[in-house]
Number of protein chains: 2
Amino acid sequence: MTATAPRRQPTLDEVAARAGVSRSAASRVINQAPHVSHATREAVEKAVKEMGYRPNRTARALATRQTGIVALVISHDDPGLFADPFFAQVIVGVSAVLEETDLHLALCLASSERGRARLTGLLHARGVDGIMLMALDGDDPLTGIAEETGLPTVHGGRPLDSEPKWFVDSDNLGGARLATEHLLGLGRTRIVTITGPMTARVGASRLRGYQEALIMAGLSPYGTVEADFTEAGGAAAMTTLLARRPDLDAVFAASDKIAAGAIRVLNEAGRAVPEDVAVVGFDDLDVAERTDPPLTTVHQPIQALGREMTRMLLALIAGREPTALILPTRLVRRGSA
Amino acid sequence: MTATAPRRQPTLDEVAARAGVSRSAASRVINQAPHVSHATREAVEKAVKEMGYRPNRTARALATRQTGIVALVISHDDPGLFADPFFAQVIVGVSAVLEETDLHLALCLASSERGRARLTGLLHARGVDGIMLMALDGDDPLTGIAEETGLPTVHGGRPLDSEPKWFVDSDNLGGARLATEHLLGLGRTRIVTITGPMTARVGASRLRGYQEALIMAGLSPYGTVEADFTEAGGAAAMTTLLARRPDLDAVFAASDKIAAGAIRVLNEAGRAVPEDVAVVGFDDLDVAERTDPPLTTVHQPIQALGREMTRMLLALIAGREPTALILPTRLVRRGSA
DNA sequence: CCACCGGCTGGAAGCGCTTCCAGGAAGGTT
DNA sequence: AACCTTCCTGGAAGCGCTTCCAGCCGGTGG
């Protein structure tokens, strides 16, 4: 422990005094504002360096009405859901962009009512400059809360029933079509699907892509069962489908986890994957490489989603008018189809 | 769009005016401070409700010198590392505790030098009230940076060479011992280990636990190879060990991912798990349930780690003196040992 | 030589809140 | 009745920064 420890952070006044100029002059130097003579600049910069001055974030925020913080709000009922690697990827993308700026990230997981109220407080109390919202359920109250604040807001994914002005979404429909077309290209005709929850847009879109591809090919859906986006859900749904359509020859699973569950059930039922039944998943998470056989799936650019959301928010904050974005998905071929 | 939109948030002055009291009286009501008459309280509360008043966070922060934000700092070189489900679990734990308070979470992923500078700015500029630091590498510069700020700081895990005053850590040593003892209990005697990087305490502790258990049993380490905490690393290390000690009969892997890689290699080499070679992992992440056979592993209470770190930080901020914590680990038996 | 212009400057007024303090109004004690 | 508590009150001084503005300066063009 050196003796320098307990010293308070110097203030702008102190810096100005030391540099022998007024506080406003010092402020101008700090903020790279014009109308500063060379001599003044030098003096202030010297003082800043010597005193180890750092502008106090809070004071600046109060004066400028800008906090320098953006919120990433992840709304969900199940607190455990956040453990899904999907969000980690989003955050990596978000951070990568923020790292280039002076903004910081507030991460808000609002599940309980209590949490939601707390969040509302943060947003309304002008605690952040902008909001990135990932509202998973169709009718999430957070959508409205965010809107009320009047703060720049961008959505990751879209609500079920509305189209926000600013959003970034993956091309779920196109991806599902891609997957289904791939199965069709393999000569499969009895293609079933295990969908995600229909209460979320992502579930509905992926189902729709599947349906469209079949219709375009002159076929019709051979079996559809809804599941949640879990392995267990996928397994249960697969069991149902197998009972209902014993002769199915392909399945499009709306997520990798669902696919993993489905493959397990297929293996246990003695159906060879991909020979008897071809399987395609969606997301391209780590789990896709660990199924047996490895999963052919639709890759969704999750980090890019985070990055683009952040860029869009920055644009909004800067007063520009960005345009909503749909990110392309692509098929990744592995062993299961 | 209703016509009410562009209205500015009301200020405390306006509320006070409407309630017919002074600003200080209004402030007292808002903050539940004593010395407020019943009448005053009622009047202010009525005005607050009618005007939809929310105290401005920034202004309050400036006056109280408390931001209401705590930072979770995750230091790492590889930006992708954050995708590890470990951190998601920590965050879930942290959030769960914060949800009960009025604090918010700033998530700081500092990888690049640029990012580190930006973070230093946030911390020194009094942008947060406290720091939770997960410094993964032994000599992380962030440890020093955090210390300089003088802010309450708690560590998740411990640096390689120092013992911070306040930390929460898993009982890595005890867990490793547990795992090794389990293998010994199975009658295995030619037990090798695949360690994590020795630049991190967690790697060193788990190795030490393995060694201690063997020594206690009158045996000595049968083979030790270092790997990073990845599946590929585990696979490579297993290959090396198999070449060096063809007759090994058990492996203690310092993480589940390492174990997954090792099991894959063992399967490919025609060694039956657990008959020929028993395998125990560490962490108990999702992947442990998806290996073949499912992985016997040491459970580490990750969410609890997040929770306890947060509680500890809250205590520090409140001026109390908490005590460092080591969280127990326990063996989860599945198929691999 | 004078009016004028442009770049710098410091003073002062905020940003919206907390908190210290002196003072006033009741209520209780000898 | 005089005094002392006790409780509540509003005024005022901050918290540390930005930004508007009036004023000063030397220099240019007429």
Side-chain angles (χ1 to χ4, degrees), chain A residues 7-45 47-48 51-69 102 121-129, chain B residues 7-45 47-48 51-69 102 121-129:
Chain A
R7 178 84 185 91
R8 215 181 75 269
Q9 291 278 340
T11 72
L12 184 56
D13 279 295
E14 294 166 356
V15 170
R18 171 140 188 170
V21 302
S22 74
R23 190 195 342 172
S24 18
S27 174
R28 267 176 236 125
V29 173
I30 306 276
N31 295 299
Q32 327 254 33
H35 305 307
V36 176
S37 70
H38 193 67
T40 301
R41 161 155 292 121
E42 299 259 287
V44 173
E45 279 170 354
V48 164
M51 308 177 74
Y53 171 74
R54 308 262 182 177
N56 178 306
R57 231 183 139 71
T58 308
R60 179 174 284 185
L62 184 58
T64 60
R65 296 140 173 281
Q66 299 240 42
T67 61
I69 299 178
D102 275 318
L122 178 67
L123 302 185
H124 269 101
R126 288 288 170 275
V128 302
D129 293 343
Chain B
R7 178 84 185 92
R8 214 179 77 269
Q9 291 277 340
T11 72
L12 185 56
D13 279 294
E14 293 166 356
V15 170
R18 171 141 188 169
V21 302
S22 74
R23 187 187 354 165
S24 19
S27 176
R28 267 177 236 123
V29 172
I30 305 278
N31 296 299
Q32 328 255 31
H35 304 308
V36 176
S37 70
H38 193 66
T40 300
R41 162 154 294 121
E42 297 260 285
V44 172
E45 279 170 354
V48 164
M51 308 177 74
Y53 170 76
R54 309 264 182 175
N56 177 308
R57 232 185 138 71
T58 308
R60 178 175 283 185
L62 183 59
T64 59
R65 296 142 172 281
Q66 299 240 43
T67 62
I69 300 179
D102 275 317
L122 179 67
L123 302 184
H124 270 101
R126 289 289 171 274
V128 302
D129 294 343

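Throughout, protein chains are lettered first and strands after them, A, B, ... in sequence-line order, and every chain is numbered starting at 1.
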**Prompt:** If you round to the nearest 0.5 Å, how far is CZ of B:R57 from CG of A:L123?
**Reply:** 10.0 Å

**Prompt:** Just how large is the angle between the end axes of the helix from C:dC1-D:dG30 to C:dT30-D:dA1, five pairs per end, to 10 degrees?
**Reply:** 50°

**Item:** Closest-nucleotide ordering on DNA chain D, the 5'-leading residue of B:V36 and A:Y53
**Value:** B:V36

**Request:** For A:D13 and C:dG10, give me the distance from atom CG to atom P, rounded to whole Å.
**Result:** 13 Å

**Message:** Using side-chain heavy atoms (C-beta onward) and a distance below 4.5 Å, is B:R65 in contact with A:N56?
**Reply:** no

**Message:** Less than 4.5 Å apart, side chain to side chain, heavy atoms only: is that true for B:L12 and B:R60?
**Reply:** no

**Message:** When you compare the side chain of B:T58 with that of B:L62, does any pair of heavy atoms fall below 4.5 Å?
**Reply:** no

**Request:** Using heavy atoms and a sub-4.0 Å distance, could you list which residues of residues 20-29 of chain A are near DNA chain C? By number, please.
**Result:** A:V21, A:S22, A:S24, A:A25, A:R28

**Upstream residue (5' side of DNA chain D) when B:A59 and B:S37 are each assigned their closest nucleotide** = B:S37

**Prompt:** Do you know which two heavy atoms are closest between B:T67 and B:R126, and how far apart they sit?
**Reply:** CG2-O, 3.3 Å

**Message:** Quick check: do B:I69 and A:I69 have side-chain heavy atoms less than 4.5 Å from each other?
**Reply:** yes

**Message:** Rounded to the nearest 0.5 Å, what separates atom CD in B:E45 from atom OG1 in B:T40?
**Reply:** 11.0 Å

**Message:** Quick check for you: to the nearest 0.5 Å, what is the distance between B:H124 atom NE2 and A:Q9 atom CD?
**Reply:** 6.0 Å

**Request:** Quick one: closest heavy-atom pair of A:P34 and A:R28, and the distance?
**Result:** O-CD, 3.8 Å

**Prompt:** Counting any heavy atom closer than 4.0 Å, what does A:T58 reach on the DNA or RNA strands: base, sugar-phosphate only, or nothing?
**Reply:** nothing

**Fill in**
Students should find that the nucleotides of DNA chain D closing off the region near chain A, any atom under 4.0 angstrom from a heavy atom, are D:dG16 to D:dC20

**Item:** Heavy-atom check, side chain of B:T11 versus side chain of B:E14, under 4.5 Å
**Value:** yes

**Message:** In this structure, how many angstroms lie between the C1' atom of C:dA25 and the NE2 atom of B:H38, rounded?
**Reply:** 19 Å

**Request:** Can you measure from CD1 (A:I30) to CZ (A:R54) and round to the nearest 0.5 angstrom?
**Result:** 11.5 Å

